[in-house]
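Heads up: the structure comes next, in structure tokens.
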Amino acid sequence: DGGITQSPKYLFRKEGQNVTLSCEQNLNHDAMYWYRQDPGQGLRLIYYSQIVNDFQKGDIAEGYSVSREKKESFPLTVTSAQKNPTAFYLCASRTGLAVYNEQFFGPGTRLTVL
Amino acid sequence: EDKVVQSPLSLVVHEGDTVTLNCSYEVTNFRSLLWYKQEKKAPTFLFMLTSSGIEKKSGRLSSILDKKELFSILNITATQTGDSAVYLCAVASHMDSNYQLIWGAGTKLIIKP
């Protein structure tokens, strides 16, 4: 089955720790995205990557880092510099063709800082 | 600054009612407007609208876009408890090779039995 997987589903972190959220897709999509969602709010873009070995900051990149070494994988690291990391994190992907605008989402990771 | 505004922010109706959700936008380089349904986890894609006045329909859900007045509506008829979700609207913007989705805050819909 084609799709996007994220792991873990739930993650607990102590203050001051870095954590890495996994995102893998087997849809052969070129572009991948990381969003953060807080209660009662829409999706805010953290980072995105349109091709392998390239990525761009979104609207709220501070305190986060990413890598795109493989087409299938786009891990997100939440660093200790992120002041309020407790949130629901969604990974999405999209074919690179301009005519296709919809993004497909993974199931999300809920991160809680203790 | 590009923005997408959804209204109402939340809505509670009874099963069987018809609801209309609104999405207005101010986005440069508009390409399309997308509706998603989000239950507990990942948003799932509902519709993509690119042309004004052409209704997209899927079962009890339908949506239409007005590019002159810069808004879209999502209608759900004969609502069921399974329609309870957050409905997200997003606008795709393209400039050169730069594509982005601008998201609204969502409408939380609760259907009471």
Side-chain angles (χ1 to χ4, degrees), chain A residues 2-10 21 23-25 27 29-51 54-61 87-111, chain B residues 1-11 21 23-25 27 29-51 56 58 63 65 72 85-110:
Chain A
I4 304 173
T5 57
Q6 289 185 242
S7 62
K9 187 175 176 180
Y10 297 97
L21 282 57
C23 177
E24 304 278 332
Q25 55 99 359
L27 300 167
H29 284 173
D30 293 304
M32 297 186 74
Y33 305 83
W34 272 107
Y35 291 96
R36 170 183 173 139
Q37 187 175 35
D38 294 283
Q41 296 193 31
L43 306 182
R44 292 188 290 168
L45 183 64
I46 305 172
Y47 268 98
Y48 66 100
S49 167
Q50 299 195 84
I51 56 171
D54 185 57
F55 49 83
Q56 307 294 331
K57 291 182 179 180
D59 301 318
I60 55 164
F88 187 52
Y89 290 87
L90 284 162
C91 178
S93 72
R94 169 185 165 263
T95 174
L97 297 174
V99 67
Y100 296 108
N101 292 310
E102 63 266 37
Q103 295 180 6
F104 298 89
F105 287 85
T109 292
R110 191 166 296 279
L111 173 64
Chain B
E1 186 182 333
D2 292 339
K3 62 179 179 181
V4 175
V5 178
Q6 292 186 246
S7 63
L9 291 181
S10 64
L11 184 59
L21 310 183
C23 176
S24 63
Y25 62 91
V27 174
N29 302 300
F30 173 94
R31 286 299 180 96
S32 61
L33 186 143
L34 297 92
W35 284 98
Y36 284 82
K37 177 182 181 182
Q38 185 178 25
E39 295 176 83
K40 291 186 178 176
K41 295 179 182 176
T44 54
F45 174 74
L46 295 174
F47 298 113
M48 183 172 76
L49 304 157
T50 54
S51 301
K56 291 273 181 102
S58 176
S63 184
L65 174 66
S72 172
V86 174
Y87 289 84
L88 295 167
C89 172
V91 172
S93 170
H94 282 250
M95 186 170 71
D96 298 325
S97 61
N98 185 25
Y99 151 96
Q100 60 173 329
L101 276 184
I102 300 110
W103 293 85
T107 293
K108 184 174 183 179
L109 177 63
I110 297 172

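Here is how names work: the chains are called A, B, and so on, in the same order as the sequence lines, proteins then strands, and each is numbered from 1. Computed from a predicted model, the values in this text were never measured in an experiment.
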If you measure from [atom1] on [X] to [atom2] on [Y], what distance do you get to the nearest 0.5 Å?
X	Y	atom1	atom2	answer
B:Thr44	A:Glu102	OG1	CD	12.5 Å
B:Gln100	A:Gln56	CD	CD	12.0 Å
B:Leu88	A:Phe105	CG	CZ	8.0 Å

Counting only heavy atoms not in B:Lys108, do more than 12 sit closer than 6.0 Å to its NZ atom?
->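 Open.
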Flag if over 12 foreign heavy atoms under 6.0 Å of NZ, B:Lys56 |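 Yes, the 6.0 Å shell around NZ holds more than 12 heavy atoms from other groups.
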Name all residues meeting the salt bridge (Lys or Arg N to Asp or Glu O under 4.0 Å) criterion together with A:Asp38; count only those two or more places apart in sequence or in a different chain, and write none if there are none.
->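 Counting only residues at least two positions away or on another chain, A:Asp38 forms a salt bridge (Lys or Arg N to Asp or Glu O under 4.0 Å) with A:Arg36, A:Arg44.
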Quick check: does any side chain N or O of B:Tyr36 sit under 3.5 Å from a backbone N or O of A:Gln103, one acting as donor and the other as acceptor?
->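 At least one qualifying donor-acceptor pair exists.
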Run the ring-centre check on A:Tyr33 versus B:Trp103 and record whether the distance is less than 6.0 Å.
->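 No; B:Trp103 has its ring centre 6.0 Å or more from that of A:Tyr33.
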Chain A interface, residue from B:Ala92, B:Gly106, B:Pro43 that has the most non-hydrogen pairs under 4.5 Å =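 Of the candidates given, the most pairs with chain A belong to B:Pro43.
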Portion of A:Leu90 that has a non-hydrogen atom of chain B nearer than 4.5 angstrom =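 Contact with chain B: side chain only.
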Below 4.5 Å, heavy atoms only, C-beta onward: do A:Gln37 and B:Val86 meet side chain to side chain?
->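 No, every pair of side-chain atoms sits at 4.5 Å or beyond.
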Mutual orientation of the aromatic rings belonging to B:Phe45 and A:Phe104 [parallel < 30°, tilted 30-60°, perpendicular > 60°] |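 Because their plane-to-plane angle lies in the 30° to 60° range, the rings of B:Phe45 and A:Phe104 count as tilted.
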Specify the closest pair of heavy atoms between A:Gly106 and B:Ala42, including all atoms of both residues, with the distance to one decimal.
->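 The answer is O-CB, 2.8 Å.
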